Structures are given as C-alpha cells and as structure tokens.
Amino acid sequence: MIVRGGPLLPLVALLFSLGCGYHTAGHSTQLPDSVQTIAIPGLKNQTLNYGIEQMLTAAVVREFNTRTRYHIINHDSDDADATLRGTVLSTVATPLTYDTSTGRVASVLIVVSLRVSLTARDGKVLYQNPAYLFREQYEVSQDLTTFFEEDSPAFRRLSQDFARTLVSNVLEGF
C-alpha cells in the first residue's frame, strides 16, 4: 500500500497545531511588565453635577480590582508605576420623550463626556482617550405619589459601563 503525500502530512499536522493566532479578548494586556501598581486618584469634575466624579472613580477602581492583577492605590503616589487621571468634561440631561396626555417628560437621556490618560512613572503615556462619550437613558415617574428620582441609578449604570470599557481599552490597547 502506497501513502500519498507522506512527506507533506507532518507539515500539515504542524500547521494545524500552531493555531490561528487569535486570542480571547480580555486575556492579554498591552501594559508593560514593569507596571504592577496603578494609582487612580479621584477624577476631576468640570461639571455642575455634584459627585459624578466620585461615582466614576469608584467604578473604575472596583473594575481594576476585580478584573486585573494590578495593585490599585486610590490616590497620587510616588510608589505607583503608572497613574490613571481623568476629567469629567460635561454632563448633559436631555428630555427624550414626552407623555402625550400630560406633556411632561417621560424619559431622559444623560450624556457624559470624559478625558482619561494612563501615564507611566517616567512620563510615557501608556493609554489615553480625550473623548470618551457615554449615554444612559432613564424613565421619569409620572405618578407623583410614588415618585422615585431615577437619575442616580442611571449615573451608576453609566459609571459601571464606563469603567468596564475603560479597563478593557487599557488592557487591550484600544
């Protein structure tokens, strides 16, 4: 019995064993190995929306702590290998829909604009995005007896979305 392609068979097997070169998102990092500690001081707030910077900072710290192996410091520190700084540039709440029977606002769209950068101890910029833009919609209660202010939960959801996106972008180099 003659086996055709005998010398090619090991080569084909080798090529199949090498894989395709892709990796699962979230499992690689683009940060240098020298970065072990990241300082995340509070984001700056250039808006009139009180406390939004605290909510966003807390969400980012929580996301780094749960998804990465980095040691996170919640303030500026000379011990940090890199520092993540950010600024909340604007927050806008715009009526999205109206109740046709009462004419009152039925839903609101919140838009938050941010600028973020991660800088190594030597001043090298490891990551930056000067134009993050996040949106979150919420419905306004029409029943005044059971009225519940929905903007705080909407800002919390937006903060979590921002934190997930920022940490993914930093880790994957986007």
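Just so it is clear, the structure is predicted and the values come from calculations on it, not from any experiment. Each residue takes its place number in the sequence, starting with 1.
- Considering only residues two or more places apart in sequence or on other chains, E136 meets the salt bridge (Lys or Arg N to Asp or Glu O under 4.0 Å) condition with R157.
- Hydrophobic clustering, defined by side-chain heavy atoms of Ile, Leu, Val, Met, Phe, Trp and Tyr closer than 4.5 Å, leaves V92 isolated from every other such residue.
- Shortest non-hydrogen contact noted between V88 and I52 is CG1-CG2, 4.2 Å.
- Taking the side chain as every heavy atom from C-beta outward, V108 and T94 never approach each other to under 4.5 Å.
- In this structure, OH in Y50 is found 11.0 Å from CE in M55, a value given to the nearest 0.5 Å.
- Put simply, F155 and V105 are part of the same group of oily side chains (I, L, V, M, F, W, Y) that touch within less than 4.5 Å, one to the next.
- Taking the side chain to side chain contact (heavy atoms under 4.5 Å, CB included) definition, one finds that V111 meets it with L109, L133, R135, sequence neighbours left out.
- Side-chain atoms of Q36 come within 3.5 Å of backbone atoms of D33 as a donor-acceptor pair (strictly under, hydrogens ignored).
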Exercise for review: Take Y70 and L171 through the side-chain contact (heavy atoms from CB on, under 4.5 Å) test and state the conclusion after the steps.
Suggested key: CA-CA 11 Å; Y70 299 108; L171 295 178; 3.9 Å; yes
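- Under the side chain to side chain contact (heavy atoms under 4.5 Å, CB included) test applied with L118, the options I38, N169, L166, V35 reduce to a single match, I38.
- Side-chain contact between T37 and D79 is absent, with no heavy atoms from C-beta onward closer than 4.5 Å.
- For R62, there are no side-chain hydrogen bond (donor to acceptor under 3.5 Å, both in side chains) partners, not counting sequence neighbours.
- Other members of the cluster containing L48 do not exist, because no ILVMFWY side chain is joined to it at under 4.5 Å.
- Evaluation of the side-chain hydrogen bond (donor to acceptor under 3.5 Å, both in side chains) rule for D76 yields R85 as partners, not counting sequence neighbours.
- No side-chain donor-acceptor contact under 3.5 Å links T83 to the backbone of T119.
- Applying the side chain to side chain contact (heavy atoms under 4.5 Å, CB included) test between V116 and each of L84, L56, T87 identifies L84 as the sole match.
- Side-chain contact between Q137 and L96: present, with at least one pair of heavy atoms (C-beta onward) separated by less than 4.5 Å.
- In plain terms, the two heavy atoms of A154 and Y138 that are nearest each other are CB-CD2, 3.6 Å.
- Minimum interatomic distance between A163 and A59 (heavy atoms only, all atoms of both residues): CB-O, 3.3 Å.
- When every heavy atom of S77 is checked against every heavy atom of A39, the shortest pair comes out as N-CB, 4.3 Å.
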Exercise for review: Would you please test L31 and L126 for side-chain contact (heavy atoms from CB on, under 4.5 Å) and show each step?
Suggested key: CA-CA 7 Å; L31 296 180; L126 302 173; 4.1 Å; yes
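- For the side-chain hydrogen bond (donor to acceptor under 3.5 Å, both in side chains) test, no residue two or more places apart in sequence or in another chain qualifies with N49.
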Check your understanding: Where do Y127 and V125 land on the side-chain contact (heavy atoms from CB on, under 4.5 Å) test, with the steps shown first?
Key -> CA-CA 6 Å; Y127 174 81; V125 175; 5.9 Å; no
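- Among residues two or more places apart in sequence or in another chain, the ring pair (Phe, Tyr, Trp, His ring centres under 6.0 Å) test is passed with F134 by Y132, F162.
- The stretch residues 105-125 participates, sequence neighbours left out, in these salt bridge (Lys or Arg N to Asp or Glu O under 4.0 Å) pairs: D81-R121.
- In this structure T97 satisfies the side-chain hydrogen bond (donor to acceptor under 3.5 Å, both in side chains) test together with S107, sequence neighbours excluded.
- I72 is connected to L43 through a chain of hydrophobic side-chain contacts under 4.5 Å among Ile, Leu, Val, Met, Phe, Trp and Tyr, so both are in one cluster.
- For the side chain to side chain contact (heavy atoms under 4.5 Å, CB included) test, residues two or more places apart in sequence or in another chain that qualify with Q160 are R164.
- Judged purely by atom type and a 3.5 angstrom limit, T66 uses its side chain to pair as donor or acceptor with the backbone of E63.
- Here the side chains of E53 and K44 are not in contact, with every heavy-atom distance at 4.5 Å or above.
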